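So the structure is just underneath, and the comments pick up after that.
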Amino acid sequence: MATDLVSASHSAASGAARKRRRFGWDDPSPAFYTEDAGLRFQPSSHLMMIPQHKSIVDAPQYSSCSQKLLAHQLAAPRKKSPPWQEDDKDGHFNFKLGDDLTSRYKILQKMGEGTFGRVLECWDRDSREIVAIKVIRSAEKYREAAMIEVDILRILSKHDRDGSRGCVQIRRWFDYRNHICIVFEKLGPSLFDFLKANDYRPFSVDLVREFGRQLLESVACLAKHVTPCAHGVPGIADMHSLSLIHTDLKPENILLVSTEYTKVVDRKNTTKHSLYMKRVPKSSRVKLIDFGSTTYDKECSFSIVSTRHYRAPEVILGCGWSYPCDIWSVGCILVELCSGEVLFQTHENLEHLAMMERVLGLIPPHVIRRSTEKARDYFRHGKRLNWPDRSTSGESIRAVHRLPRLRDLIVEHADKCANLLVDILERMLKYDPYDRPTAREALNHPFFQDI
Ligand SMILES: Nc1ncnc2c1ncn2[C@@H]1O[C@H](COP(=O)(O)OP(=O)(O)OP(=O)(O)O)[C@@H](O)[C@H]1O
């Protein structure tokens with residue numbers, strides 16, 4: 001879900017916060033019990049159950065805790081759901097490791113938590129595989145949003161039966177004790193988690209290219225999808241437009257398929273006296289998750305979308321946004337993967353625009369002219385950004401000033417192909433959304449052709 005992440009001392013200013021920011025979680029609220037066994041499948045009004053697929057996840061590496069629980073569970077007979085417990089104050093599902101979630105799933109561990117709910121690693125007794133179950137918070141607004149996510153996941157899964165198109169696969173969904181539960185194939189850590197575990201050491205250009213290529217393929221598939229003609233005539237294709245915009249692309253929502261990694265010498269940091277190692281994923285295969293904010297293209301929308309750091313200028317300026325807002329986010333993500341740091345570490349509009357100007361150059365007048373009355377307030381006489389005059393603090397001015405130009409940032413970090421990478425990033429990070437390439441066009445850029 002798109003968020004403006006709250007930080008104690010706002011924005012770029014906080015030095016240590018430059019490295020990273022994270023959500024605050026955990027809280028309690030009441031729910032109601034639906035059935036004896038606790039499980040209630042939703043009647044298929046506009047939604048249908050998804051048939052089971054075989055897991056395509058690479059041999060997962062289980063934690064020792066998961067392994068023990070799994071061994072125990074394989075021997076244990078199927079039990080009824082545990083006694084009903086109150087949700088926490090925010091409507092999150094309360095559980096203990098080893099509990100059953102319906103009689104079908106055994107909870108092995110918590111894998112993550114977000115605005116919508118908790119994601120639990122579970123053993124599926126029926127399909128005999130490990131799955132990831134997103135247990136949605138019980139409040140009505142989250143339940144409704146979850147049903148939209150289920151709807152979109154079902155459409156994606158219909159168009160991606162073999163799971164090769166880079167979007168996480170839904171297995172099925174159900175309603176349990178007032179929590180919508182979405183069962184997914186289990187994936188590995190997010191690119192954000194991987195960066196963090198590596199102390200924010202950047203990925204190599206080869207990996208950035210691989211991640212970028214898959215990300216753009218997924219974005220292209222969301223926008224438009226081609227399937228073979230219904231009659232199966234070779235060479236003839238039916239164009240099915242999915243017309244979907246993800247709107248919340250960020251490293252947290254890009255998951256490595258495999259958990260496996262190797263350790264190699266980190267040459268950049270290693271000195272005569274100390275040897276530094278860094279992690280490198282064994283496989284570069286990634287998939288997109290979190291379709292909770294995905295929308296159908298309506299030509300142009302004006303709401304606020306995307307997590308702050310990956311938010312396109314047209315969203316901030318209220319010019320109206322469409323597919324190109326995903327391309328802007330991909331540009332910000334690729335810079336982050338290459339440098340190890342968030343490109344625009346801010347939580348405030350004017351500072352954000354000032355950072356963009358520092359890294360990318362001045363916002364062109366015709367883009368300023370398209371912005372709303374309110375957003376035009378950020379500019380002097382509707383022409384130049386009111387910066388630093390309207391800045392909130394000296395620390396904010398210094399944080400903007402510390403930012404390098406895009407070219408310098410990439411040249412400093414890229415171990416190869418810096419010029420090509422700068423070129424494609426400059427295109428994806430054009431202020432005018434009409435000037436940005438589509439995902440397909442970006443994929444044809446020489447940077448992504450280089451093997
Ligand atoms: N299929 C999966 N396999 C493994 N881990 C997963 C899977 N899906 C989600 N996760 C983990 O759970 C976390 C939260 O998932 P997700 O982003 O879907 O929840 P959310 O509530 O929509 O989050 P947000 O607040 O970012 O919108 C992810 O960042 C990831 O760590």
Side-chain angles (χ1 to χ4, degrees), residues 1-6 20-27 50 53 55-58 60-63 66 90-93 105 107-124 129-139 141-150 152-153 156-157 160 163 166-173 179-197 218 246-260 281 285-295 304-311 329 333:
M1 194 187 166
T3 43
D4 261 321
L5 305 168
V6 183
R20 264 302 164 160
R21 71 303 166 162
R22 219 56 326 247
F23 310 113
W25 293 324
D26 274 332
D27 7 357
I50 304 294
H53 301 278
S55 170
I56 57 158
V57 183
D58 293 346
Q61 292 179 331
Y62 307 129
S63 64
S66 302
D90 278 347
H92 278 295
F93 177 70
Y105 303 99
I107 301 172
L108 302 178
Q109 63 173 323
K110 183 168 139 185
M111 305 182 79
E113 183 164 317
T115 320
F116 280 75
R118 292 183 168 144
V119 178
L120 308 178
E121 183 189 81
C122 297
W123 171 250
D124 180 346
E129 64 172 337
I130 304 260
V131 290
I133 306 186
K134 185 162 165 178
V135 184
I136 302 293
R137 288 159 74 176
S138 53
K141 65 174 178 178
Y142 295 112
R143 291 174 53 84
E144 280 169 14
M147 293 318 293
I148 295 170
E149 181 170 10
V150 168
I152 285 171
L153 286 160
L156 291 175
S157 139
D160 183 19
C167 297
V168 68
Q169 291 222 304
I170 182 177
R171 298 274 192 258
R172 62 198 74 84
W173 71 278
H179 294 274
I180 304 284
C181 298
I182 311 176
V183 184
F184 291 104
E185 62 176 318
K186 189 213 155 206
L187 300 170
S190 72
L191 292 185
F192 168 71
D193 291 333
F194 200 92
L195 269 177
K196 190 174 166 197
S218 306
H246 188 284
T247 81
D248 198 16
L249 297 174
K250 54 182 174 179
E252 290 87 336
N253 286 341
I254 306 165
L255 268 52
L256 286 156
V257 170
S258 167
T259 52
E260 293 189 317
R285 192 143 177 251
V286 287
K287 288 199 175 195
L288 261 185
I289 63 158
D290 195 357
F291 295 87
S293 310
T294 301
T295 60
I304 299 296
V305 287
S306 308
T307 295
R308 161 64 74 183
H309 313 87
Y310 310 92
R311 187 174 293 160
S329 305
I333 293 167

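Predicted model, so just to flag it, every value in this text is computed and none were measured. In listed order, ligands and their atoms are each counted from 1.
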**Report entry** Per-atom contacts, ligand 1 versus Ala132 - under 4.0 Å to a heavy atom
**Finding:** 1 (N), 2 (C), 3 (N)

Requested in this report: State whether the shortest distance between N or O atoms of Glu113 and N or O atoms of ligand 1 falls below 3.5 angstrom.
Outcome: no

Query raised in the report: Is NZ or CZ of Lys134 both nearer than 6.0 Å to the six-membered ring centre of Phe116 and within 45° of the ring axis?
Result: yes

Query - Side-chain ion pair, Arg311 and Asp248, N-O less than 4.0 Å - result: no

Query - Passing option when Val168 is tested against Val257, Leu156, Leu153, Asp290 for side-chain contact (heavy atoms from CB on, under 4.5 Å) - result: Leu153

Query raised in the report: Are Arg143 and Arg137 close enough, and set up right, to give a side-chain contact (heavy atoms from CB on, under 4.5 Å), and what steps lead you there?
Result: CA-CA 7 Å; Arg143 291 174 53 84; Arg137 288 159 74 176; over 6 Å; no

Query - Nearest heavy-atom neighbours spanning Met111 and Ala132 - result: SD-CB, 3.9 Å

Query - Enumerated ligand 1 atoms positioned under 4.0 Å from heavy atoms of Phe184 - result: 1 (N)

Requested in this report: Return yes or no for this condition: an N or O of Thr115 is under 3.5 Å from an N or O of ligand 1.
Outcome: yes

Query raised in the report: Which of these passes side-chain contact (heavy atoms from CB on, under 4.5 Å) with Lys186: Val131, Ile130, Ile133, Leu108?
Result: Ile130

Query raised in the report: Do any N/O atoms on Asp290 end up under 3.5 angstrom from N/O atoms on ligand 1?
Result: yes

Query raised in the report: Would a 4.5 Å heavy-atom cut-off, applied to side chains only, mark Ile289 and Phe184 as touching?
Result: no

Requested in this report: For residues Ile182 and Ile170, report the shortest heavy-atom separation together with the two atoms involved.
Outcome: CG2-CD1, 3.6 Å

Query - For Gly117, the ligand 1 atoms whose distance to one of its heavy atoms is below 4.0 Å - result: 21 (O)

Requested in this report: Give the atoms of ligand 1, by number and element, whose distance to some non-hydrogen atom of Glu252 is under 4.0 Å.
Outcome: 29 (O)

Report task. Find all atoms of ligand 1 within a distance of less than 4.0 Å from any non-hydrogen atom belonging to Lys250, and give their numbers and elements. Result -> 26 (O)

Requested in this report: Please verify whether a non-hydrogen atom of Glu185 lies at under 4.0 Å from ligand 1.
Outcome: yes

Report summary line: Applying side chain to side chain donor-acceptor pair (under 3.5 Å) to Ser190 and not counting sequence neighbours gives Asp193

Query raised in the report: In ligand 1, which numbered atoms sit nearer than 4.0 Å to a non-hydrogen atom of Asn253?
Result: 17 (O)

Requested in this report: Answer with side chain, backbone, both or neither: which part of Ile289 has a heavy atom less than 4.0 angstrom from an atom of ligand 1?
Outcome: side chain

Query raised in the report: Going by the atom numbers of ligand 1, which of them fall below 4.0 Å from some non-hydrogen atom of Leu255?
Result: 2 (C), 3 (N), 4 (C), 5 (N), 6 (C), 7 (C)

Query raised in the report: Any idea which atoms of ligand 1 are less than 4.0 Å away from a heavy-atom of Gly114?
Result: 20 (P), 21 (O), 23 (O), 25 (O)

